[in-house]
Amino acid sequence: MLFYDEIYSSLDLPPRHRFPICKYEKLKARIEDTELSQYLRPVNDKATLQQLTRCHTQAYVDAFCSGTMGQVDIKRMGFPWSEQLVERTLTSVAASIKAANYALKHGFSANLAGGYHHAFSDRASGFCIFNDLAIAACELIDTQQADTVLILDCDVHQGDGTAAILESRSDVVTCSIHCEQNFPRVKEASDYDFALPANTQDSEYLSTLKQALDLCVRVHQPDIVLYNAGADIFQKDELGHFDISLQGVLEREQIILDYCYQHALPLMCALGGGYQRDTDSLVTVHQQLFNALQASRFLA
C-alpha cells in the first residue's frame, strides 16, 4: 500500500524556499501512470497527541500545534509556522504510522512523504518537525505488535534526531548510512553509524549497505524494517556530497527490497530528503524506489 495525501504538496512557502514542496504531487502523478496506481490510498487520518508524545515532549508538541514556538525554534525548523503546516505534519506522521502497521501485517508499504529524522524530542530541525519513523517504531512496540524494530536510514544526512530520541531503547535499532562531511555538523550516536566520505561512489556505498543491513538483521532479528529512502545520495543533489549514480540509487532500492523479501522481513518505506531545484530530476531519483518495487517479489 502507498499512502499519499494532497496536503503533502499544499504548503505555502516563500519564493525560492529551499524545500522542494511540489515533489510529492509530481511523484504521485508518475505513480498513477504505472501499475502501482492500484495501491495508492489516501491517509484520512492525523497523528494523535498520545502517538506524538511517545517520542516528543508535551511542551514541544503543544508549542508547535498552537503556534507559540519562538523565532529561534522556527528558524531551526526551516519552515514558516502556519496552521497548514500543522495539518500537513500531523497527516504525514499518521501516514507513516499507518504504513508501518500495514507493512507488519501485509509485508510492504510506503508513505509518499516522511523520513523526518532530524526532529528531536523537544525541537524541530532541518525541515523535520515530528520524527515519524521513531514514533511508528515505538507505536508498534508499545502496542505489542512488534518486539524489535530496525530503522534503516539511508538519507545522505545522519539521522541525528532518531538516534537521540531512541538512545535508551534497546528494542528499536538505529542504523544510519550517511556522508560524514555533511549536515548535521555535530553527529549523534546511532546504534550503528556508517559514515562515508564525500564523493563516495556506487561500489563502496552499495557494499556498505549490504554489510550494514545484514549485520543489523543477523544480530537483532527485527520484526520489521522502517526504511528512510533519501534521494539526496544522488550525485546531482545540491545538498548531498555523494557521487552515487541513478543506477546506484536503483540498486540500493533493489538490495533492500530483495533482502527483506528473502528474509520474510516486513518493510515500510518513507521518502526522505532530496534537494534539486530541478524537481522533475529529483522526482526521477525518488521514483527509483517504485521502479524497484514494480520489479520486486513483494508484488508477485
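Side-chain atoms are counted along with the backbone in the values below, which use heavy atoms only and exclude waters and symmetry mates.
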- Message: Students often mix this up, so state it plainly: with edges at 30° and 60°, are the rings of Phe79 and Phe127 parallel, tilted or perpendicular?
- Response: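 Answer is tilted, since the angle falls between 30° and 60°.
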
- Task: Anything under 30° is parallel, anything over 60° is perpendicular, the rest tilted; go ahead and classify Phe64 against Tyr60.
- Result: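 The arrangement is tilted - the two ring planes meet at 30° to 60°.
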
Are side-chain N/O atoms of [X] and [Y] paired as donor and acceptor at under 3.5 Å?
X      : Y      : answer
Asp202 : Gln247 : no
Asp155 : His178 : no
Tyr192 : His220 : yes
Ser176 : Asp153 : no

- Item | Centroid separation Phe242 to Phe234 less than 6.0 Å |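 Here the rings of Phe234 and Phe242 have centres that are no less than 6.0 Å from each other.
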
- Item | Linked, directly or transitively: Leu140 and Phe108 (ILVMFWY side chains, under 4.5 Å) |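 Leu140 does not cluster with Phe108.
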
Do [X] and [Y] have side chains that get closer than 4.5 Å, going by heavy atoms?
X      : Y      : value
Leu49  : Val61  : yes
Arg41  : Tyr102 : no
Glu188 : Phe120 : yes
Lys23  : Gln276 : no
Ser82  : Leu11  : yes
Val173 : Ile151 : no
Val249 : Arg252 : yes

- Message: One pair to check against side chain to side chain donor-acceptor pair (under 3.5 Å): Thr162 and Asn131. What are the steps and the verdict?
- Response: CA-CA 7 Å; Thr162 307; Asn131 198 309; 3.1 Å; yes

- Query: Between Glu6 and Lys28, is there a salt bridge with N-O shorter than 4.0 Å?
  - Reply: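 No, Lys28 and Glu6 are not salt-bridged.
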
- Item | Sequence neighbours excluded - salt bridge (Lys or Arg N to Asp or Glu O under 4.0 Å) pairs with any residue from residues 67-83 |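 Non-adjacent pairs meeting salt bridge (Lys or Arg N to Asp or Glu O under 4.0 Å): Asp73-Arg76.
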
